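Remember, predicted model here, so these are calculated numbers, not experimental data.
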Amino acid sequence: MLNKKQNRLKSELNNRVDFMNKKIGAFMLLSLFLYSLNLNAQTQLYDNTIVDSVTFTETRDIINKLSNDKFEKHLFTKEYKSLPYRLLKPKNFEKSKSYPVIISFHNSSRIGNDNEKQLEHLSKIWIRDDIYDKYSAFVIVPQFNERSSTYIKDENGLLKSEPFIDIHLVLNLLEEFQTLYKVDKRRIYLIGYSMGGSTAQNVLNIAPNKFAAIVSIAAVPDFSNLHSLKKTNIFLIHGKKDIANPYLGSEILFNRLIGNKNLIFKTFTELNHDNITIPLLLKDEIPNWLFSKKMKK
């Protein structure tokens, strides 16, 4: 009788041990899964900044007062085609040193060939005294005489961007530039707002292995080469109230790049297309993020 009772207790104990082992195993698997997700997850940020009319005007006035004279005028030509651009050299530039390169693309309101108008507010942050002193880099600001990025609807009605036919002039310019100056090839960056943000994405999709990082603000996305961007340093910025270049496009791009732990998507919940750059103009958020990124060897 005692043996039967002992056997029953032993059997119950073994069952409980098996049950606990299964629970521990399931917990460990879940923990590993969540840890894996965390390692590979993108970062999504929300900012509730509100820009009133006074802040808008005062911020732009500060940038407008910065002289364009630090930007040299140049003209790149190849096979009967030309691309005007402005060049900012690093402070205390030394020919023997290698420097990062930032290519800044303008929005559609700056189209032309005067080699002046493309110096919009976002490109001029680099000549703010605090930025110019701290972040030594070449800044190239090309000007396009037509749209550098066109928008079309896909089969689902979603806006997507495609580059204009001469977009390779930008890559040709970069190639020539590297023969004229010492460039840190591990730190070449793209940045742009609106059409310029779309153009930055277009160029990245064409040549993903040339660029260390991209900042794309209020852009219409380019989905053409997503499989090559899974490890690229990408900073998407968009205003949730943007109806010119709908916020939804950046949201979908963010979701389609799932697994890229080097991707940040910052949503300004209260901003629209016209005021999205204002919180970025007097801070060093963009330069600080860009200069922390380099291509792996």
Side-chain angles (χ1 to χ4, degrees), residues 60 62-78 81-91 93 99-129 131-132 135-149 163-164 166-178 180-181 183-184 187-204 206-207 210-219 235 237 276-277 280-282 284 286-287 289-291:
R60 289 175 66 115
I62 291 170
I63 300 297
N64 285 335
K65 288 176 182 176
L66 298 174
S67 172
N68 293 343
D69 292 345
K70 284 190 176 75
F71 286 93
E72 300 174 359
K73 286 189 175 185
H74 293 272
L75 182 67
F76 172 72
T77 58
K78 184 178 177 66
K81 294 180 180 179
S82 62
L83 182 67
Y85 70 96
R86 300 294 285 264
L87 171 65
L88 177 68
K89 289 179 179 175
K91 188 173 184 179
F93 169 63
Y99 297 92
V101 173
I102 299 146
I103 305 177
S104 181
F105 297 112
H106 64 80
N107 69 64
S108 60
S109 70
R110 305 303 182 110
I111 290 172
N113 56 13
D114 63 354
N115 211 359
E116 185 76 33
K117 211 164 48 166
Q118 78 266 37
L119 293 174
E120 61 186 8
H121 300 91
L122 193 63
S123 62
K124 290 179 68 170
I125 66 173
W126 302 100
I127 55 172
R128 279 174 30 206
D129 287 341
I131 300 297
Y132 195 47
Y135 300 96
S136 294
F138 294 109
V139 182
I140 298 172
V141 192
Q143 185 182 32
F144 305 104
N145 61 10
E146 60 180 293
R147 287 192 62 90
S148 54
S149 186
F164 80 133
D166 289 335
I167 196 66
H168 285 278
L169 280 174
V170 174
L171 296 171
N172 298 147
L173 165 59
L174 178 60
E175 187 177 350
E176 181 183 89
F177 190 82
Q178 291 177 85
L180 301 174
Y181 300 99
V183 168
D184 185 345
R187 294 193 294 165
I188 302 177
Y189 309 117
L190 300 170
I191 182 172
Y193 156 66
S194 191
M195 182 188 76
S198 299
T199 304
Q201 290 190 33
N202 298 152
V203 173
L204 179 65
I206 292 169
K210 288 186 179 293
F211 303 101
I214 176 177
V215 178
S216 179
I217 303 168
F235 194 176
I237 301 173
I276 184 66
T277 63
L280 307 168
L281 298 180
L282 301 182
D284 69 348
I286 289 175
W289 183 83
L290 279 178
F291 274 65

Heavy-atom closest pair (Ser108 atom, Arg147 atom, distance to 0.1 Å) is CB-NH1, 3.5 Å

Closest heavy-atom contact between Val101 and Phe177? CG2-CE2, 4.1 Å

When you compare the side chains of Ser104 and Ser123, does any donor N or O come within less than 3.5 Å of an acceptor on the partner? no

If you look at every heavy atom in Asp184 and Ile188, which pair is closest and at what distance? O-CG1, 3.8 Å

What class does the angle between the rings of Tyr135 and Phe291 fall in, given that below 30° is parallel, 30 to 60° is tilted and above 60° is perpendicular? perpendicular

Considering all heavy atoms, the nearest Leu75-Ser82 contact: CD1-CB, 3.9 Å

Do the non-hydrogen side-chain atoms of Val215 and Tyr189 ever get within less than 4.5 Å of each other? no

Search all heavy atoms of Ser136 against all heavy atoms of Lys91 and return the closest pair with its distance. OG-O, 4.5 Å

Can you tell me how far apart CG (Leu281) and CD1 (Ile286) are? Round to the nearest 0.5 Å. 8.0 Å

Rounded at 0.5 Å granularity, tell me how far CD in Glu120 sits from CD in Gln143. 11.0 Å

Using a 4.5 Å cut-off on heavy atoms from C-beta on, say whether the side chain of Asp166 contacts that of Phe144. no

Using modelled atom types only, decide if a donor and an acceptor are shared between the side chain of Glu176 and the backbone of Asn172 within a distance under 3.5 Å. no

Any idea which heavy atoms bring Leu169 and Phe76 closest together, and the distance? O-CE2, 3.7 Å

Is the ring centre of Tyr99 less than 6.0 Å from the ring centre of Tyr181? no

Result for ring pair (Phe, Tyr, Trp, His ring centres under 6.0 Å) between Phe138 and one of Phe71, Tyr85, Phe93 points to Phe93

Does a side-chain heavy-atom distance below 4.5 Å link His168 with Leu171? yes

Test Leu88 against Tyr132 for side-chain contact (heavy atoms from CB on, under 4.5 Å), laying out the working first. CA-CA 10 Å; Leu88 177 68; Tyr132 195 47; 3.8 Å; yes

Passing option when Asn68 is tested against Lys73, Glu116, Arg86 for side chain to side chain donor-acceptor pair (under 3.5 Å): Glu116

Test side chain to side chain donor-acceptor pair (under 3.5 Å), reference His121, set Asn107, Asn64, Thr277, output is Asn64

Are Ile125 and Asp284 packed together at the side-chain level, in the sense that at least one heavy-atom pair is separated by less than 4.5 angstrom? no

To the nearest 0.5 Å, tell me how far Leu122 CG sits from Ser194 OG. 11.0 Å

Does some side-chain heavy atom of His106 sit less than 4.5 Å from a side-chain heavy atom of Ile111? yes

Rounded to the nearest 0.5 Å, how far apart are OG of Ser149 and CZ of Phe164? 10.0 Å

Test side chain to side chain contact (heavy atoms under 4.5 Å, CB included), reference Phe105, set Ile191, Ile140, Val141, Val203, output is Val203

Taking atom NE2 of His74 as the centre, report whether more than 12 heavy atoms of other residues, nucleotides or ligands fall under 6.0 Å from it. yes

Rounded distance [0.5 Å steps], NZ in Lys70 versus CD1 in Ile127: 6.0 Å

dist Leu204:CG -> Leu190:CG (nearest 0.5 Å) comes out at 6.0 Å

If you count every heavy atom of other residues, nucleotides or ligands that lies below 6.0 Å from Glu175 atom CD, does the total exceed 12? no

